[in-house]
Amino acid sequence: MDLFEYQGKQYFARFGISVSPGGVADSVEQAVEVAATVGYPVVVKAQVQVGGRGKAGGVKLAADADEVRLHAGNILGLDIKGHVVRRLWVEHASDIAAEYYASFTLNRPAKKHLAMVSAKGGVEIEAVAAEDPAAIARMDIDPVVGFTESDARRLVIEAGLDEAARDGAAKILVDLYRCYEEGDADLVEVNPLILTPSGAVHALDAKVTLDDNAAFRHPEWDAFRDIDELDERERLAKSKGLQYVGLNGFVGIIANGAGLAMSTCDVVNQVGGAPANFLDVGGGASAEVMADALEVINSDSSVRSIFINIFGGITRGEEVANGIVTALERVAMRAPMVIRLDGTNAEEGRAILKKVESARVISSPTMLGAARKAVELAGAAQ
Amino acid sequence: MSIFVDENTRVVVQGLTGGQGRFHGLRNRAYGTQVVAGVTPGKGGQDVEGIPIFDTVAEAVAATGANASFVSVPPRGAPAAILEAAVAGIPFVVCITEGIPAHDEARVYNTLVGSHPGTRLLGPNCPGIISPGKCNIGITAGEIALPGGPVGIVSRSGTLTYQALYELKQLGVGVTTCAGIGGDPVPGTNFVDCLAAFQADPDTRAIALFGEIGGSEEEKAADFIAKEVDKPVVAYIAGVTAPAGKKMGHAGAIISGSQGTAQAKMSALADAGVHVVNNPTEAGEKMAEIVAAL
């Protein structure tokens, strides 16, 4: 789960990481109220989960209430790369002496955690990594050993942070690692981490990705759930607990297992189609789950045909078939479908499907053949 | 021969009294696997269809000589279960559990490397391992695999693994061992470990590798193949059409920027002399062609 900046800052605060005083605003008037509380000048920041919001006009400095009204009015409703701004974060503007970069994430090839610190903050770190890799100090951290204050000191010195910032930055790094580890984040990133003229160091931005697998031990995450970021189809799928990603094509995909679902998208593409979605019904999908999946696909008006590709392991063929039959009774399917069923109890499943087969419900024995048929039907449905 | 597991493997199922553990543990036994014990804390002394249950893995090992563990325990308990097996001296642990927090996985992996180097972990979030006709640990339906070799399979995806086994069986091609390494961010066993084992196994004469987008394990595999593997390798990578930055189900299947894309992996493998194919069906056909010419 990706957090918005304001949520990331709330999460940082739990671990004692210093951020600018600020508040959330969903309207122009609320923005003015928050600004009065935190003190002028303020920065009005669009809350969207996409980079480049500054360039898009989503971050503005305001010296008084009139300027807050102007900027808040312009930013609310702004479309930034397809993300519509519904919420603002208004914070006291900081005086900046220097801007740095700090992050913790998993270094998958090394199977250890990775700390990265740079004196070149406030710009895209990918650009720094490409142009001046030596400007980023890196350290692999063994999760069994952890990350200590002396590690943090070594890192800020190696990164070449200003003398005045070193103590404060080292302390923030230790807290940031706690936030990353105890907080079960896949990523914590601060860009920029700033030094103020008075010598304080604090986080001016917050990028946090939480590990959904750890949600069972973090009841406090419930407050962060915001499905407004998802498109209509993804919202419906999420409410039904399905693994769904919306894509731009016209062949609706249902498969079991992430690998097979991705492969199904690829094969549809290879035979001249384009997948409308990725949908993994997971292991052990029941009839109910299959019916839910079909309902989600049916809600997508760009779908012209549906390809159901199931290879039973834990999943049983007769359950899948029963789900399809249930869905056909429950909803009027708008698009024709091709079903390829193999693996555990596939014979039983195919026998059940026989009863509902028609020109719009077709069984096909192979993955490639089924993909071709689905693409052909989509063409015919155009 | 086969790699990692064979007819002499004696399996203890951690979580045998649970729904999943019971279903798959018994299914593995029905396949012919020596399932000698189960472990559930507090249920020692009971049995599941004749398989004795112990409170701890150490007791199960002492009583039955188990030398492999099948961990079928929910995400909260799985990390501790894996480490318990390692402490009890089990050399091969298969964990099918999906949904273990990444930090727990990283901690378990580094604990095994640092303190229990004699234990190999396969998974988590994997379908398991099958040496057809000899031993099946995990959730793979045994009947979709043809015994006898000469092909070794290693795969990051469960259902793609089934697809691979099935395609080969339909073409009459047998398998020595099929190992599912799982799609999580910190797998205990990676492609390179399996490739090295297949290279060393005289009965495995060709290798099929099924990868997917995200991470850099396929690129590492390509490096290793170029240097150390002289057996023919066929590879398929899923996720060519996956958009950047979107999470496709597996924690592993996420790409950022140009790193970990299907194209990058396919060209690294092709450069290493691997036969890279475009879909699972082609993988089966290519492999059948290679096997016919061996």
Side-chain angles (χ1 to χ4, degrees), chain A residues 106 108-109 111-113 126 142-145 180-182 184-186 211-217 243-249 255-270 274-275 278-280 282-284 309-315 342-344 366-369 371, chain B residues 20 23-24 75-76 98-104 106-107 109-111 113-115 127 139-141 144 155-163 166 183 185-187 210 212-217 219-220 236 238-243 246-253 257 262 278-282:
Chain A
L106 180 69
R108 285 174 55 163
K111 294 174 172 165
K112 293 197 162 41
H113 301 310
E126 288 85 351
D142 184 329
V144 179
V145 178
Y180 170 70
E181 214 213 6
E182 288 169 30
D184 274 310
D186 286 334
D211 175 7
D212 292 322
N213 284 347
F216 67 81
R217 58 188 175 211
Q243 294 270 16
Y244 179 97
V245 177
L247 301 170
N248 299 321
N256 64 323
L260 189 63
M262 276 192 283
S263 183
T264 307
C265 292
D266 293 349
V267 169
V268 163
N269 201 53
Q270 279 163 20
F278 161 98
L279 198 167
D280 170 14
N309 189 14
I310 302 291
F311 204 110
I314 302 189
T315 309
D342 251 318
T344 308
T366 69
M367 181 161 161
L368 216 47
Chain B
Q20 289 253 341
F23 181 78
H24 295 293
R76 290 163 204 248
E98 180 177 2
I100 298 178
H103 284 275
D104 292 354
R107 221 171 288 127
Y109 178 85
N110 284 283
T111 303
V113 168
S115 307
I139 63 179
T140 306
I144 61 171
S155 169
R156 245 170 92 185
S157 150
T159 40
L160 268 186
T161 310
Y162 311 153
Q163 181 74 35
Y166 192 66
V186 193
F210 287 73
E212 59 189 32
I213 53 168
S216 57
E217 292 297 325
E219 286 85 341
K220 282 199 213 168
Y236 166 66
V240 174
T241 50
K246 291 234 181 187
K247 205 164 177 170
M248 295 297 224
H250 281 173
N278 293 312
N279 57 58
T281 310
E282 271 182 34

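All chains are named by letter (A, B, ...) in the order of the sequence lines, taking the proteins before the strands, and each is independently numbered beginning at 1. What you see is a predicted model; the values in this text were computed from it and never measured.
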[X] portion near chain A, given a 4.5 angstrom heavy-atom threshold:
| X | result |
| --- | --- |
| B/Y109 | side chain |
| B/P127 | neither |
| B/I100 | backbone |
| B/F210 | neither |
| B/T140 | neither |
| B/A102 | both |
| B/E282 | neither |

Practice prompt. Under the salt bridge (charged side-chain N to carboxylate O under 4.0 Å, His left out) rule, collect the residues that match up with A/D142, sequence neighbours excluded.
Written response: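 In terms of salt bridge (charged side-chain N to carboxylate O under 4.0 Å, His left out), with neighbours along the sequence ignored, A/D142 is linked to no residue.
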Discussion item. Using a 4.5 angstrom heavy-atom cutoff, name the option from B/S155, B/G99, B/A141, B/S216 with the most pairs to chain A.
Written reply: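 It is B/G99.
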Worksheet item: Among B/T281, B/I139, B/V113, B/I144, who wins on heavy-atom pairs under 4.5 Å with chain A?
Response: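 Counting heavy-atom pairs under 4.5 Å, the top option is B/I139.
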Practice prompt. Give the intermediate values and the outcome of side chain to side chain contact (heavy atoms under 4.5 Å, CB included) for residues A/M262 and B/S157.
Written response: CA-CA 10 Å; A/M262 276 192 283; B/S157 150; over 6 Å; no
Worksheet, complete the sentence: Pair count under 4.5 Å, heavy atoms only, with chain B: among A/G343, A/G249, A/A185, highest is A/A185
Worksheet item: If you count heavy-atom pairs under 4.5 Å between each of A/V145, A/L106, A/L260 and chain B, which one has the most?
Response: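 Top option by heavy-atom pairs under 4.5 Å: A/L260.
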Worksheet item: Which atoms of A/D342 come close to chain B, meaning under 4.5 Å heavy atom to heavy atom: side chain ones, backbone ones, both, or neither?
Response: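 A/D342 touches chain B through side-chain heavy atoms alone.
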Worksheet item: Measuring heavy-atom distances to chain B, does A/A274 have an atom under 4.5 Å in its side chain, in its backbone, in both, or in neither?
Response: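 Answer is neither: A/A274 stays 4.5 Å or more from chain B.
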Please check: side-chain N/O of [X] versus main-chain N/O of [Y], any donor-acceptor pairing under 3.5 Å?
| X | Y | answer |
| --- | --- | --- |
| B/N110 | A/K111 | yes |
| A/D266 | B/T241 | yes |
| A/Q270 | B/N278 | yes |

Fill in: Gap between atom CZ of A/R217 and atom CG of A/D184 - 0.5 Å precision
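A/D184 CG to A/R217 CZ: 4.0 Å, rounded to 0.5 Å.
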Worksheet item: Taking the inter-plane angle between the rings of A/H113 and A/Y180 on a 0 to 90° scale, is it parallel (under 30°), tilted (30 to 60°) or perpendicular (over 60°)?
Response: perpendicular
Worksheet item: Can you find a pair of side-chain heavy atoms, one from B/P101 and one from A/F216, that are under 4.5 Å apart?
Response: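 Counting from C-beta outward, B/P101 and A/F216 do come under 4.5 Å.
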Fill in: Partners passing side chain to side chain donor-acceptor pair (under 3.5 Å) against B/T159 (at least two apart in sequence or in another chain)
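With sequence neighbours excluded, B/T159 shows a side chain to side chain donor-acceptor pair (under 3.5 Å) to no residue whatsoever.
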